[in-house]
Structure formats: structure tokens, C-alpha cells
Protein chains: 2
Amino acid sequence: MGKKITIYDLAKILKVSPGTVSRSLNDHPSISQKTKARVVAKANELGYKTNKFAANLSKQKTNTIGVIVPRLNSNFMSTMLAGIEKVVNEAGYNLIISQSLESMEKEKLNAKTLFNNSVDALLVSLAYDTSSYDHFTPFIHHEIPLLFLDRVHNLPNSATLIIDNKLAGYEATEHLIDQGCKNLLYVGGSQRRNVYSDRFKGFKNALANYNLEFDESNILESDLNPTSIGEAINHIKRSTKQIDGIFVANDTFAAHLIKNLIREGHKIPEDIKIIGFNNDPVSELVTPSLSTIDYSGYEMGILAGQSVISHLNGNINFKSANTITLRHQLIIRESTQKQ
Amino acid sequence: MGKKITIYDLAKILKVSPGTVSRSLNDHPSISQKTKARVVAKANELGYKTNKFAANLSKQKTNTIGVIVPRLNSNFMSTMLAGIEKVVNEAGYNLIISQSLESMEKEKLNAKTLFNNSVDALLVSLAYDTSSYDHFTPFIHHEIPLLFLDRVHNLPNSATLIIDNKLAGYEATEHLIDQGCKNLLYVGGSQRRNVYSDRFKGFKNALANYNLEFDESNILESDLNPTSIGEAINHIKRSTKQIDGIFVANDTFAAHLIKNLIREGHKIPEDIKIIGFNNDPVSELVTPSLSTIDYSGYEMGILAGQSVISHLNGNINFKSANTITLRHQLIIRESTQKQ
DNA sequence: TTTAATTATGCAACCGGTTGCAATAAATAA
DNA sequence: TTATTTATTGCAACCGGTTGCATAATTAAA
């Protein structure tokens, strides 16, 4: 039940000043080893705990890092968060996590809240429909480290952590072409988000490079929600040229697509080859197993945590436009197998 | 960049006392409407923002709720968190999330950290190997609301939020028996966790009820990690009586099991029927699709958030042992289809 | 032994709200 | 009009650390 003991209590007991107690506990250099030892010993003995409120108030620092993600319940995001959490926790920081639910309005609110909560840094993966970025300027103005992850936007004095989506998109598409596909379809999310527009650019480049013609029927913009599978199926059915290869910018949607195409009587990979993106656990489990682009959310999280921490420790900083690009890898499974 | 303005600035400008400003901003009843209006107007005009540090210090309240989960990157957990986040956020609370990584030691650390951070409430889903619960007593002693979710432990003055795992286990098993299975296997996690031991109890009850014999070969305790699939396969192979029905306490593991059993030449559901647990998205996507028990992590999260909030608001409390049981539902898919 | 240079500690202001209690102003009753 | 009651507002202590600067204690140099 221990009534809270404060540095004042310690000071009185040890017959020193509160300031000395404070400095001792914080291992300040101007305190003698002897005194430090005494203070620390007594503090432990009495179970002293620093009152974060007070410490925060005078230091104006919360030891808290804010995160905004589109949603918590996606494999990629939760894995990334797991990585972030691990690193920042080891460094003594807490994570305040909030989700935008893919809405810019909610994202704005989240940003405001986190700002008001004085997070020491902010990590963001942008919502589906975010089109303005003013809600991040308070962070920049107050020099609060701002790091975008995966779904990024280039703002001055902020850093971004991504993979080379364009290249990955190119490689995925090239793989389909290698396997003999001629009429390709790209299914991705909002072109406003770098992850989708870049993958699409890669897709388009690959088509051009292999002299495959491209028109608007070769791209489908979707919210990638499983409930929207119907639209995708319709698009494929309606297409005048028979589609024989699909690059889906998201494994979960790709898995649903496989399931539904098979239900519709298509053979995969014989009639249509499909490649996804993310190497979500589901890609191994679906039948046929799904070829995909692997990149580790966990690693991205770890790296994000590390950069932010080292920024906070003053080792590096985000002043100079700072982009970290992670590696990715093509994973070939059954869904793109040549006959 | 807008020097911070404080209640003292407002007080000076408006020629009232800081106390009056504070009370006005908090809509205290003893301030006249006129004054309140003036203060609020001026506060808005100058873009006043309350300094949480100071407010926390004097109120000794953080408006922050701590959560400890075994891991962030499981569908169930991240969905549950999504639910919690939504509710508490709307109520003006922040969520500090930490993961125990299924280790009691880490869980202890997390609990300590969250305690030191003075969270206003704590939500916990226990780690795989947690066997002592002392790390939660500080919360109870300080009357910080403590709520266990899904993987629970009954502590006095704490609440629990669960489903009827025993009944669900019974129903899953009964379903297998209904479909003609005679030699059943239960694959679950640590018996120390209610979710697994209760499901097992239901399993055993069902066997007894249908006069099916039970011995140690009918149960396999696993960490349910996909890397442990080999052990499960071996167990099934080695079994003297030919196993024809498996109840796996976790969809992901069940999905891997299906995939691997098929690879080994078994036919599912013809030779072996399988039922999972959780209704994870993967259960629909695997082939054959997986029968399972559905219960909504999201709903559980929402409910958890709501109970904690209403407790914090003084509406209900956890003093009287408080258990909320959510409903669940048997979902029949292809993996248990009778021929 | 003195003086200068270090090292260790104390003092007190400060961070910015919150809140019990006293004081004053306004409203109602006598 | 005066005495009461009630509605408003101010005062000042408090929450518990942190930190610049002055002072005291100790050590090294002269």
C-alpha cells in the first residue's frame, strides 16, 4: 500500500536537499559517488518511484511515441507495430497507438490528440484517402521527429521508410510475363498512396518493356476490401481481351480473388496466374499457394523504432530529407506456375 | 511558432485569477456563464491548449489505458485492439499497448512499466507461460481497474471478459462426432491458459457424453506455432488408432495442419475432419475451408473498452467479481463435411 | 600556509494546472 | 433598508520533480 514517497521524503531522511536527491537518482556528474550511493540505496530500500507526472512537467518530455496506422488488424500493420513496440520499449519508450480507419478525418483527429499528448515522436502510415498533410505541420514546427512508414508522403524535415515499390511491382509483373502471361491486370488501392501508385508504375513499365500494350482496362483501382471482390470479378469477366495474369497489390485480396475465380470455374494457374504482395501468412495457406513479394513489416518496424530512437538521442536527425529503403524479394509459389 | 500560452496568460489578459480560468475551461458550476464564455472565447482566440503534464500532475490521472497482449500480430489480438482503441479513443483516452511476446518475464516488465506510467486502467490478455500473478497486485492495491480479456485469470477485484470456451469446445467436438468421427484429437496450447484448458474440458465432456474413450493420445499440447506443425503431424502418424477428427484450438494452426496433412496424402474431410477456433479470416481462404467457432475479437474489444470506461466514470465497478461472457457460434464449412 | 581551482551540495525558482477555503458581490428574504 | 443566503471569484497551497546559479567543502597548486 506504501504511501508514495517523494524526493522530499528522501531528502529529509538523508539530510540532503531535494535537488541532490534528484541529481543522484539521475546520475548527474556533479554528485559524489558516495552521496549517490546513499541516495540510491535508500531509494531502493523505501521503494521510491519517480513520479512521471512531475518529471514530465519539468522536462516537457513524455517518453512516449505516437503511432497512427490505417488499421491495427492487418497482418502487415500489426507485425510492423510488433517490431516498433519491441525496439522502443527496450529503449524505455511507450507506444501510443491509434488507428485512422483509413479516414483522413480520423487521422487528423489522431494527430491532434497525439500532439496534445506531447508525444516525443510520431510514426505514421497514411490513411487511404489522406490528401492534405497540414495536420502534420505542428509536429514539424515543434521539431517533433516525424517518420512515415510504408504509406508515406514526402514532407520536408520528415523521414520515410519504404521499399522500392516501383521495382517490386516491376519484378512481380515481369515474373508474370516470364510465365507466359500476355494480358495483365493490375489490381491496387488508391493511386494517392505511394505503395499503390508505385507498384502500378512498375507494372506499367514492365508492360512497356516487354511490348505489351496497356489501356485502362489493365488497371482496376479497388479499396482491396474482401467485400469488393465482386467488382474485381466483374471487371475480369467484362474485359474484352482474356486476362491471363493478375498482379494484386495485396495478398489478402489476392487470396480472395483466387478463391472466387476458382469458384467461377477458372483454373489457377492454368488459365490465370496471380501474384500478390506482402507475403502475408495467408499466401502460403491458400490453394494454390500464392506467389508474392515479400517484405518484412517486422523489420520495417524495428528499423523505424531504431531510427526514431537514435534521432531522439540526437545521433541522427531527419533534417536532411531522409529515406530508408528496405529490400524486398520475389517469392514464387504455385499461383504463377507455368504449365 | 506560437509561444505556449498558459492559464496565467489568459488570467492576466482577462483580468481574472488563474483559478477562475481553470474552472471556466473545465466548466465548473461555480463560475458564471458570462465569465466562462469570455474565458473560453479568449482561449480559443489565442489557441490555448491545456498542458497535459501539469493537469496530470495535479489530477494524478493520465487519461491513458494500458494494454498487455501476448502479441500484436495475430488476427484476433489486433482485431480486439482495434475495438478497444475505437471505444477508448472516443471517450478521450489513449492506449498504451505493449506485448509480452508470450513470456511471463516480459509481461511482468510491461506491467511494471505501465504501472509506473500511471495508466488509469489495465487490460490484459495473459502470456502463454504466465504462472504467477503478483505483478498485477499493485494495480489492485491502488484500485486501478484491471480487466482480463480472453486469456484470463480470476483475481479478486478484477474483471474478466471471455467466451464460454468449455461450451464452445463441446460444440466443436460434438459437431465432429455428428459428422461421424470416432477417434478424435484435441490440439491446443498451454493448459495453464483458460482458453485452452476450457476448450479441452469441453472436448473431453463431449467424448464422455458420446461414449468415446479418451486417453492421453487424444490430446496434444502444442505452442500452436506453425513451426511446430511437424510434431502434430508425427503425433497423428504415430497414433495407434487412426485419427479421423481433429479439433484445433486455433485457426491458423488448423490451416497449416490441413495444408500439411494434404501434402502427406490425407484427404480432408474424407479421411480426417478438422475444426478450428476463432474464425480467423484464413479459415475461409484455406482449401478445404475450415469449420470453426466464431467469436468476435472486435466485439470483445469494444465491450472491454466500454466496461473500463464506465468503470472509470464510476458507473459500474469491478469490486464484485465481474465476468462478462460473450456469445460464440459454430461455423460449418468444408473441412468437416460428411461424405 | 595561502590561494586558486575543483568538486559537491543547497537554494529557490520553475513547469502549469487544480482545488479547498475565504472573501466579495449579487440576489432574496425579513 | 438591513440581514441572510447564494452565487462568483480570488488566494494560495499543492502536485513532485528539474536545474541554473550561488555557496560550501575539498583538493591541488603556489
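The chains referred to below are lettered A, B, ... by the order of the sequence lines, with proteins before strands, and numbering in each begins at 1.
Counting any heavy atom pair closer than 4.0 Å across all strands shown, A/Val21 reaches no nucleic acid atom. Using a 4.0 Å heavy-atom criterion, one finds that B/Lys15 contacts the sugar-phosphate atoms exclusively. Using a 4.0 Å heavy-atom cutoff across all strands shown, B/Lys34 reaches no nucleic acid atom at all.
Atom pair A/Lys12:NZ and C/dG10:C1' shows a separation of 16 Å (rounding to whole Å applied). Atom CG in B/Leu10 sits about 16 Å away from atom C1' in D/dG10, given to the nearest Å. Residue B/Ile31 contributes atom CD1, which lies 15 Å from atom C1' of C/dA26 at whole-angstrom precision. The interatomic distance linking A/Leu14 (CG) with C/dG10 (C1') rounds to 15 Å, in whole Å.
Note that CG of B/Leu81 is 9.0 Å distant from CG of A/Leu81, once rounded to the nearest 0.5 Å.
The listed nucleotides are D/dC11, C/dG10, C/dA8; the one nearest the side chain of A/Ser32 is C/dA8.
Between B/Gln306 and B/Leu303, the closest side-chain pair of non-hydrogen atoms falls below 4.5 Å. B/Val124 places none of its side-chain heavy atoms less than 4.5 Å from the side chain of B/Val67.
At a threshold of 4.0 Å, the pair A/Lys106-B/Glu85 counts as salt-bridged, since one of the basic side-chain nitrogens sits closer than that to a carboxylate oxygen. Between B/Glu102 and B/Arg151 there is a salt bridge, since at least one side-chain N of the basic residue sits less than 4.0 Å from a carboxylate O of the acidic one.
Between B/Tyr133 and B/His135, the angle of the ring planes stays under 30°, which puts this pair in the parallel group of the 30/60° scheme.
The side chain of B/Ser30 places no N or O atom within less than 4.0 Å of a non-bridging phosphate oxygen (OP1 or OP2) of D/dT9.
Atom NZ of B/Lys52 is surrounded by more than 12 heavy atoms from other residues, nucleotides or ligands within 6.0 Å. More than 12 heavy-atom neighbours from other residues, nucleotides or ligands sit within 6.0 angstrom of NZ on A/Lys61.
Note on the helix from C/dT1-D/dA30 to C/dA30-D/dT1: terminal axis deviation equals 50°, with five pairs used at each end and the result rounded to 10°.
With hydrogens and angles left out, the side-chain atoms of B/Tyr295 and B/Asp150 include a donor and acceptor closer than 3.5 Å.
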Using a 4.0 Å heavy-atom cut-off to protein, can you give one letter per nucleotide of nucleotides 14-24 of chain D, 5' to 3': B if the base is in contact, S if only the sugar-phosphate is, - if neither?
-BBBBBB----
